[in-house]
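Contents: one structure, followed by commentary.
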Amino acid sequence: MSTTSTKKPEQAALLEVAASEKPEREEETKSAARFTSPRPFREWQPEQGQLLPQYARDVLGEGHPASFFVDLRKALDFSSVLGAYTKECGHSPYHPVMMMLLLMYTYARGITSSREIERRCETDIAFRYLTGGERPDHDTVCTFRVRHLEAFRVLFVDTLRLARQSGLKKLGHLSVDGSKWKANASKHKAMSYGRMEEAMKKLDEQIDRLLEEAAALDAEEDKRYGKGRRGDELPEELKNPKRRAE
């Protein structure tokens, strides 16, 4: 038997990268040098993928106001809003119940600018949860509010009343009077008719003030930034990552 062994071919190097495709090590070194410090920091990698909970509600928790507003879809009567959509024409609109809950949630938090609502729908996990990941723009938000103004006012009052009946003193930035009252409560514990009327009047005044503020803000921002523009967009030359790096 021959003892001569067959010479195996040399294995090609794995992940062979052409010199022209290799990253600029000198630039990386210069970039890293800008962040050097004698004090050690936690590792920071903004581009690294992250594992997030499947459901946003698990992140927010049951005590978050967004969870309260989402649950309102089971308690409020939205027929006045849904009934306004009678024709099938054009693109399907955003769900009216979602839009109504979004407006009530944002106004309760003291956010009345339609442009700010648009921004939060992109970046705020509570907004993303409430909208189901939808991102209505500020023109859509403003148009919806104007179209359903009276229905919004009624539903918002009902929402604040439900919050008050639940024992809440505040809902976001709004005062709702924390007195609990039930139909079968005793005379001493029940809210009197006069006091109830006064509480409802205060709720109406808060809502009127928010709606006036929202209309004024939208008009002022339309004038400042122009219709259809949010005001915080990057210039065209900076939207492309390569040109931005240059």
Item to complete: Report the distance from atom CD of Glu116 to atom CZ of Arg119, rounding to the nearest 0.5 Å.
Response: 4.5 Å

Worksheet entry | Sidechain N-carboxylate O distance under 4.0 Å for Glu220, Lys223 | no

Discussion item. Parallel, tilted or perpendicular: which one describes the rings of Tyr107 and Phe156, with boundaries at 30° and 60°?
Written reply: tilted

Worksheet item: How about His148 and Tyr85: are their ring centroids closer than 6.0 Å?
Response: yes

Worksheet item: Rounded to the nearest 0.5 Å, how far does CD of Glu134 lie from CE of Met98?
Response: 5.5 Å

Worksheet item: Which of these passes side-chain contact (heavy atoms from CB on, under 4.5 Å) with Ile111: Leu210, Asp124, Leu103, Ile117?
Response: Ile117

Item to complete: Grab the two heavy atoms, one from Ser114 and one from Arg145, that are nearest each other, plus how far apart they are.
Response: OG-NH1, 3.8 Å

Discussion item. Pair Glu221, Ser113 - check side-chain hydrogen bond (donor to acceptor under 3.5 Å, both in side chains), show working.
Written reply: CA-CA 8 Å; Glu221 290 179 345; Ser113 164; 2.8 Å; yes

Fill in: Euclidean distance, Arg128 CZ relative to Leu130 CG, rounded to 0.5 Å
12.5 Å

Response to the item:
The side-chain contact (heavy atoms from CB on, under 4.5 Å) partner of Met100 among Leu76, Val81, Leu72, Leu82 is Val81

Worksheet item: Which pairs, with at least one residue in residues 46-81 and sequence neighbours excluded, count as a ring pair (Phe, Tyr, Trp, His ring centres under 6.0 Å)?
Response: Phe69-Tyr105

Fill in: Closest contact, heavy atoms only, Leu155 versus Asp77
CD2-O, 3.3 Å

Fill in: Arg57 to Val70 - nearest heavy-atom pair and separation
NH1-CG1, 4.2 Å

Practice prompt. Identify the heavy atoms of Asp218 and Arg115 that sit nearest to each other, and give their distance.
Written response: O-NH1, 3.9 Å

Discussion item. Just by distance, no angles: are the side chains of Thr112 and Glu213 close enough, under 3.5 Å, to form a donor-acceptor pair?
Written reply: yes

